[in-house]
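Comments concern the structure below.
Keep in mind that what you see is a predicted model, and the values were worked out from it rather than measured. The figures that follow rest on heavy atoms only: side chains count, while hydrogens, waters and symmetry mates do not.
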Amino acid sequence: MTTGKTAPRRLSIFGSTGSIGRNTLNVVEHLGGRDSFEISVLTGNGNVELLARQAKAWGARLAVTASDRHYESLKSALSGSGIAVASGKSGLMEAADREADWVMAAIVGTAGLAPTLAAARRGADIALANKECLVSAGDLFFKAIREGGGRLLPVDSEHNAIFQVLEENQRHAIERVVLTASGGPFRTASLKEMAGVTAETARAHPNWSMGLKISIDSASMFNKALEMIEARHLFSLTPEQIEVIIHPQSIIHSMVGYTDGSVLAQLGAPDMRTAIGYALSFPRRPNLPIERLDFAKLARLDFEAPDELRFPALRLARLAMTRGGVQGAVLNGAKEVALEAFIEGRLPFLAMAEITERVMDDLAGLPPAAEMDDVFAADRQARQRAADLMKLEIAG
């Protein structure tokens, strides 16, 4: 009897040039590289040079830039390689239609919604690093997962931690989940100090290496607010079951508390490859070159309650969950517009939450989403209302 070689798993990486995408390729290389995996699609945005290098190194079938204006540059960079090239929204949808067993969904923002939803409907396992899929369209996204028959594997370190310690046969006994947060660069800053921060100071995360927008979201704790809404959808929780605790060392990534008083926690060095590797190898644990914890050197783990006066995004997350409907999409759309304005120096740091809350209040009456067009419509209205409010602020 002869045994054939196992066919390589087909992977697509949406957002391969970002930090999640680069770490994913690092994990894939460590777990066997091209001998064990076949890269079907790589997508990026403006970093065409890196995207082209990745596509050539991995022999991707298709490379996509989300920006139409970078199409010619990518096409030129991959000329003669035999790698297909596409761009824009249509290119991302083409990427979603390509056959892949496992899709890393790491496109930042609402641009990742449609292609990730399409890949889920096709039946691929979705390694989810795009927050907007669940924050803006959680119910629709889970419907697509059910219809497609694939698995949803959370990659955010906090949700991945919960995924690891949440015992499926004990779901009836889940009392709470505790999302940990480092507190970011302004954990001990006063309101007065936070009022004058710039994008450059806000991007300096103490523990994680991330992109500009994600780093600033972490500094304002909007990142944690979105994670609260994600957790509700991922683990079928009520808003009251979701807690946030500040944990500056970022060693405990999250915890699950049960009705018998037990609390199970997942610990590890702050390295995204742990979560990526777990999602890629699930249900088996891979062997990864991650720093091992030395508890004697750690000596202590600190915790403190978050201050919602300085970090009002947490309160807005609870408001969105309580209201339901498309309030998650409204929160995210308004926040993204406010974030862009802050980065460009047109809006103070603390005003991001103020603008977001005003938009949420103004659009609290929008009906629930029956299809994706309803989500996109709520997102557009939120963005437009946020832009209008900022114009009024400047004019005033």
Side-chain angles (χ1 to χ4, degrees), residues 9-16 20-21 24 40-41 43 62 64 66 86 88-156 159-160 162-163 166 168 171 226-237 275-276 279-280 282-283 320-321 324-333 366-380 382:
R9 288 179 71 195
R10 294 168 300 176
L11 313 181
S12 288
I13 303 175
F14 297 171
S16 67
I20 296 290
T24 299
S40 178
V41 176
T43 85
L62 172 67
V64 180
K89 293 180 180 178
S90 62
L92 292 176
M93 294 307 292
E94 182 181 348
D97 287 337
R98 290 287 179 120
E99 286 296 323
D101 306 308
W102 185 92
V103 174
M104 169 56 76
I107 298 174
V108 176
T110 52
L113 266 174
T116 306
L117 194 72
R121 284 176 176 151
R122 192 177 46 72
D125 286 345
I126 305 296
L128 189 65
N130 172 290
K131 298 181 184 304
E132 288 74 18
C133 287
L134 296 185
V135 171
S136 298
D139 293 335
L140 295 177
F141 190 73
F142 268 96
K143 182 173 183 287
I145 290 285
R146 288 193 299 271
E147 291 175 350
R151 298 177 297 185
L152 183 60
L153 306 165
V155 173
D156 267 349
H159 301 119
N160 187 268
I162 294 167
F163 185 55
L166 192 153
E168 278 297 326
R171 277 187 173 270
L226 300 186
E227 288 172 9
M228 292 167 68
I229 300 173
E230 281 185 279
R232 183 186 183 187
H233 288 289
L234 277 168
F235 306 113
S236 301
L237 303 168
I276 293 167
L280 182 58
F282 183 81
M321 288 189 287
V326 292
Q327 275 279 289
V330 170
L331 183 157
N332 183 71
L366 291 179
E371 54 187 5
M372 278 304 300
D373 284 346
D374 298 329
V375 175
F376 291 129
D379 176 76
R380 286 194 298 272

Can you check whether [Y]'s main-chain N or O pairs, donor with acceptor, with [X]'s side chain at less than 3.5 Å?
| X | Y | answer |
| --- | --- | --- |
| S12 | S40 | no |
| R122 | R98 | yes |
| N160 | V155 | no |

Looking at [X] and [Y], what are the two nearest heavy atoms and their distance?
| X | Y | value |
| --- | --- | --- |
| G112 | N130 | CA-ND2, 3.7 Å |
| A320 | G328 | CB-N, 4.3 Å |
| A144 | L117 | CB-CD1, 3.7 Å |
| A86 | G91 | CB-CA, 3.7 Å |
| H159 | E230 | CE1-OE1, 3.3 Å |
| A129 | M104 | CB-SD, 4.2 Å |

Problem - Nearest-0.5 Å distance that lies between atom CD1 in I229 and atom CG in L331 - result: 5.0 Å

Exercise for the section: Rounded to the nearest 0.5 Å, what's the gap from CD1 on I13 to OG1 on T24? Could you check? Expected result: 5.5 Å

Handout entry: Stepwise side chain to side chain contact (heavy atoms under 4.5 Å, CB included) check, I126 with T116
Key = CA-CA 8 Å; I126 305 296; T116 306; 3.9 Å; yes

Would you say that [X] contacts [Y] through its side chain, given a criterion of any heavy-atom pair below 4.5 Å between the two side chains?
| X | Y | answer |
| --- | --- | --- |
| L92 | K89 | no |
| D125 | D101 | no |
| L234 | F163 | no |
| L166 | E168 | yes |
| R151 | P283 | yes |
| L280 | R9 | yes |

Practice task
Apply side chain to side chain contact (heavy atoms under 4.5 Å, CB included) to the pair E132 and D379, showing each step before the final yes or no.
Solution key: CA-CA 11 Å; E132 288 74 18; D379 176 76; over 6 Å; no

Exercise for the section: Carefully, step by step, assess H233 and F141 under the rule side chain to side chain contact (heavy atoms under 4.5 Å, CB included). Expected result: CA-CA 10 Å; H233 288 289; F141 190 73; over 6 Å; no

Exercise for the section: Please name the residue in the list L134, L153, D156 that meets the side-chain contact (heavy atoms from CB on, under 4.5 Å) test with L128. Expected result: L134

Exercise for the section: Please test V64 against E94 for side chain to side chain contact (heavy atoms under 4.5 Å, CB included), starting from the C-alpha separation and ending with a verdict. Expected result: CA-CA 9 Å; V64 180; E94 182 181 348; 5.9 Å; no

Handout entry: Contact list for residues 133-145, test side chain to side chain donor-acceptor pair (under 3.5 Å), sequence neighbours left out
Key = K143-E147

